[in-house]
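All of these numbers come straight from a predicted model, not from anything done at the bench. Just so you know, ligand 1 is whichever comes first in the structure, and atom 1 is the first atom listed for that ligand.
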Amino acid sequence: MSALRTLAILALIGVCSCQTSDCSYLGVLTHLNLTTTNNVLSIMRPVKNWTTATLVQMDMLLYGILQVDEKFQTITSHIWIQMRWTNEFLTWNPSAFCGINSMTIPRSRLWIPDVNIHEDASDTGTIQNSPVVTLSFKGVVLVNTRQRLTSTCLLNLILFPFDTQLCNFTFTSMNSGADTIKLGTVYNDTQLTEVSEQIMVTRGEWQLVSLEILEYSVARESGSRSKLVYTVKIARKPMLYVIIFIVPLFYFLLLDLASFFINEARGEKLSFKVTILLSISVLLLILKDMLPSTEDSLPMIAMYCIGIFALVGLSVLEAMLVGFLFDLDGCSCKNGQTADDAQVDIQLEVNYHKGTDGAEETPEKSSLPPYRPDDCDLLELILKEVKTARQEVGAPRDKDQGRPGRYRRLAEIIDSVFFVLYFLTVLFFMTYMNVKWIVQIC
Ligand SMILES: *[C@@H]1O[C@H](CO)[C@@H](O)[C@H](O)[C@H]1NC(C)=O
Ligand SMILES: *[C@@H]1O[C@H](CO)[C@@H](O)[C@H](O)[C@H]1NC(C)=O
């Protein structure tokens, strides 16, 4: 209550003093000599002694991370920059002007420092300057700029999608050296980070880790330059990539391992493995769209993908080999079998014909139409011919065949050995990836 009362009294005093002095902005403008077309203030750096450097304070807030383009290595953000400096000519005493301690004037009437961002690769028209600037009675000029900034940033994608990116926004004056324009900030890193975290609306798949500020000046042959570097540290939220990429790939590898237990004979194993291979290549296609082709350093996720692709590819080849061996075995085995069967059949048939040739007729057989003897002889002759022909054709194959299950046994051995080796390779590969990937993240 007492504070309120004091405020009321102060306000009353203010009102009283107003009545005695000029309360209009016009008064201040006249005092500052801004009513006439006075161009002097817009063309020269506003210092009384030229050796005084102007300190330009730039505070940048991050309003949003709109897009990070891995292919073009750019980051698009929405930033708000507040720039302030002191104009030594524009000061007044608020008590002489009814307590006016700040006012806005058109931007074009004043000198504005030519500070820009080095990494800026935006199109024109993405900067929105405020048409007016705020002037305080101490001569501090405040300019606000809102910008959709597309800046180049060297993205390091080795650890994708568990990556953290550092992007620099380097502020520097285009024409003035460090002796005339010095760059600095009003707030420190932690304050700016905190405020940015609070006001940030869109961040996409990114999370702001920190904003770091570094001020320094670099020496050039034309004099030293003052630089102000904002390092934006952002971390990717990897959940989506884990779900659509890493887990499915791992699952495919498990399926491929499990497919060794599918029965060989039916030929389903091979088609199953080829399907897995195709699914992995679809994921590879998606990956191609996401990552740039930086040959010098292959991202871990690409290695992971290629590794799994190669492993499954190998196992497909092995399945083909085993399938081939099985086929070889089954083929030769079947041929031998049919030749024997045929012999037996023919033998039986000959016997049967001989039987029918004889007088004794069983009741069932009597229903058959009777053969004439010359027909029977002819048939017997043909049968004999066919028998000898068959034996001639079958003989070399029989010799060649040796033991019937040889290839099958070989295939089984190859399959078992390959499975053990494959399992060990997969184990080694997964461990290696874990060590390389997860350890690097931490
Ligand atoms: C205002 O500007 C005019 C011309 O530009 C100049 O003659 C005059 O001295 C200035 N007055 C002040 C108070 O600076
Ligand atoms: C950012 O700027 C700092 C200071 O100049 C420098 O050390 C660092 O390498 C820069 N980082 C990138 C990614 O350019």
### Query
Does K237 count as lying over the ring of F162, i.e. NZ or CZ under 6.0 Å from the six-ring centre, within 45 degrees of the axis?
no
### Query
Cation-pi between R225 and Y216: NZ/CZ under 6.0 Å from ring centre and within 45° of the ring axis?
no
### Query
What are the atoms of ligand 2, with element, lying closer than 4.0 Å to any heavy atom of L166?
13 (C)
### Query
Counting from 1, what ligand 2 atoms have a heavy atom of L214 closer than 4.0 Å?
4 (C)
### Query
What protein heavy atom is closest to atom 5 (O) of ligand 2, reported as residue, atom name and distance in Å?
Y216 OH, 3.3 Å
### Query
When you measure from atom 6 (C) of ligand 2 to each heavy atom in L154, T170, L155, N168, which option holds the nearest one?
N168
### Query
Would a distance-only check, ignoring hydrogens and angles, find a side-chain to backbone donor-acceptor pair under 3.5 Å from Q165 to N156?
yes
### Message
Ring centroids only, cut at 6.0 angstrom: are F428 and F423 within range, meaning strictly under it?
### Response
no
### Query
Is it true that F160 and Y241 have ring centroids separated by less than 6.0 Å?
yes
### Query
Less than 4.0 Å between atom 9 (O) of ligand 2 and some protein heavy atom, yes or no?
no
